[in-house]
Amino acid sequence: MQAAIPSPRRFLSRLRDVMAGGGTGQERLDRVVSLIAADMVAEVCSCYVLRAGDILELFATEGLKKSAVHKTRLRVGEGLVGDVAAHARPLALADAQSHPHFAYRPETGEEIYHSLMGVPILRGGRVIGVVVVQNRSRRHYTDEEIETLQTVAMVLAELVAGGELVPRDEIQAVEGNALLPTRLEGIKLNGGIGIGVAVLHKPRITIRQLVADDPEVELERLRHALAGMRSAIEELFSSSDLGDGEHHDVLETYRMFAEDVGWIARIGEAIRSGLTAEAAVQKVHEDSRARMSQVTDPYIRERLQDFEDLANRLQQHLSGDGGTSAGSDLPDDTVLICRSMGPTELLDYDRRKLRGLVLEEGSPTMHVAIVARALDIPVIGRAKDALAKVEPLDPVIVDGDNAQVFLRPSDDIQQSFAESIKLRAQRMAGYAALRDLPAVTIDGRHVAVMLNAGLLVDLPHLHATGADGIGLYRTELPFMARPALPDVEAQTLLYGKILDQARGRPVAFRTLDVGGDKVLPYWNPSEEDNPALGWRSIRITLDCPAVLRQQLRALILAAAGRELRVMFPMIADITELDRARAMLDLELERGQGRGERPPSRVLVGTMLEVPALAWQMPALLERVDFVSIGSNDLMQFMFACDRGNPRLADRYDALSPAMLVFIRHLVARCDEAGVPLSVCGEMAGRPLDAMALLALGVRNLSMAAPSVGPIKAMVRSLHLGALEDYLETQIGRPDRSLREKLRHFAQDHGVLL
Ligand code: PEP
Ligand code: MG
């Protein structure tokens, strides 16, 4: 017998009425199965729900014996129903009983039914139940009927996952989001510990209406959303200014998928069957996710992943909500979870509520990691499948120091992390008490403790920590956080604000230091074999003088009547300094010509990061007002050792005799010439390393805000004269590092590290 299939649309609207009607979840499910049986002209309709332990339980039936409800249970893979669940795909058989997987259950009385059609009830790409219709006759179910039952299954998914039939935590468990604790490993992008609850940076879209009133309206909405999505992709395509490399190919493929006729046609069909545009996208999406879970070929999985991405984008265009959680009511202790994020997106969040950030992608030099460091938020990158494994508001611990994330941690894990946070806070409170005390050693030697900064959010730290000024302002950070090169006006405004907030304390503005590991999103220099030794920093700005001149002009304008300190990075020979300096002088002259108010005084300095400069000290010191050692780059050039390569991270040490002797040489030359010398690399912020620097004669240290307290504590507990004598006896030794010896000295002399 061939049944007359009802108009899917009318069927869906009746289904909607049942769903919207009163009663318990079980009562509604009972009515739904009766309706399906009637509308699909089937003698039987049954709904099985997946319970914990991979068991499918008969939850409602029309046609089978009612006494079997909640009694008949099948394992996933057992019988035809189990087969549908195991493969997450529909099954339609005219002669079910002759199928090898047919499992006879006497309590149901199903022996008289010959044909069977079953489809999975899917949610989040996972099976949470099965809906089945059966007929006495040998009926051949059509593709159209299978489609209709799949659409019904989608509506049932809402009911099953709603928590009325099976407790919600059991549903989450069977969906694979088991409420079990999970630990993810990633890479450390910023240290520290954060405890909070998960907030998805891009919230999943919840579909409020499944069944449409008017398919024509929905089709029009789909067309509109597709057009919006395509033009957004085009924009991405044209603005990214990519070459012919891999990125270009990826984007091309993506664009091709956006035009995929089959995909769009399937969504159109689902709308015509009576679903809203959102529900139709969701249905097609669920189907492909379910297929994806069966695919092992990594290439095909990746392609299906592209469709998943597109479906998410399309949903956002449909709901008109491309937004992030930044504008929403955030929990007080938010841990953001995302695939990836732009630096400005992070700045959109209320910093006071952020406890951590977990990315599925990421590298230490990605912009958002640099911004997160400035905000002092622990960050883990490359946490695989984080989005799939977390549910909003799940408890999360971000252990930045050990590159791990705990999802739904057990009580004892939460407890032990809470204790280490408390200990950290106690230590911090101790440091805060040092805020107004000078950094003076026990034997009366003064040390200037300065701040490294790069964003406006760093500025409050200047006063909160009691630092003496900003020893390094990395101007590239605001450049990196913008979609385009800021013009003179925007830069003037920014630098002016920094000087305002510094309230007279000195600020050393370092000119643009990009290239190497610091990339501007809108600049795409050609690939280099050796970016750290490549076209970077002052080399770029001397070759693109307009950029440097604009920056210098903005600095001069911002300083107007105040002191201006300009520091040039990566100077390797004196001619580079002379050319940069000439540009500064020219801009000063031009400003005066225009009648602009000049800075009250201008101090010019250089970073010392390239060893070659150390052998040009007399010429350098004649020309500059200050020098600052960039120990991060200096280390990598001294030892020919990439600063970003984790395999080499511990290979050479900043407290090696080579580095210490080198710095001692620089201190002596600067002292002779009366030119102040500071250190602004990471070394200056590590108490033991900073202690060694003091013994070498360095009196000015510039560091990230969290280091100010520990460094002050170290300085105030140190008898420098004793350390100088000790270091003199050790510095000539052929050791790999003096770290352990210096640590013992500190322990024996009560120096706080
Ligand atoms: C350095 O190289 O030590 C330095 C301070 O500069 P950056 O880390 O920004 O390269
Ligand atoms: Mg550097």
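Hydrogens, waters and symmetry mates play no part in the numbers below; they use all other heavy atoms, side chains included. First listed ligand is number 1; within each ligand, the first listed atom is number 1.
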Flag side-chain contact, heavy atom, 4.5 Å: Q491 against L555:
no

Can you name the N/O/S atom of D633 that is nearest the Mg ion (ligand 2)?
OD2

For C680, counting its heavy atoms only, list the atoms of ligand 1 lying under 4.0 Å from any of them.
5 (C)

Heavy atom of M607, distance to ligand 1 below 4.0 Å
yes

Before accepting this row, confirm whether a basic side-chain N of the pair R536/D633 lies closer than 4.0 Å to the acidic partner's carboxylate O.
yes

Distance filter under 4.0 Å to D633 heavy atoms, resulting ligand 1 atoms
1 (C), 2 (O), 3 (O), 10 (O)

Do NZ/NE/NH1/NH2 and the carboxylate oxygens of E360 and R382 come within less than 4.0 Å?
no

For R510, is at least one N or O under 3.5 Å away from an N or O on ligand 1?
yes

Side chain proximity check, Q730 to Y726, heavy atoms < 4.5 angstrom:
yes

Criterion salt bridge (Lys or Arg N to Asp or Glu O under 4.0 Å) on D671 and R669, from CA distance to verdict:
CA-CA 6 Å; D671 282 353; R669 300 290 82 76; over 6 Å; no

With a 4.0 Å heavy-atom cut-off (strictly under), which part of L472 contacts ligand 1: side chain, backbone, both or neither?
side chain

Rounded to the nearest 0.5 Å, what's the gap from CZ on F568 to CG on L512? Could you check?
12.0 Å

N, O or S of E609 under 2.8 Å from the Mg ion (ligand 2)
yes

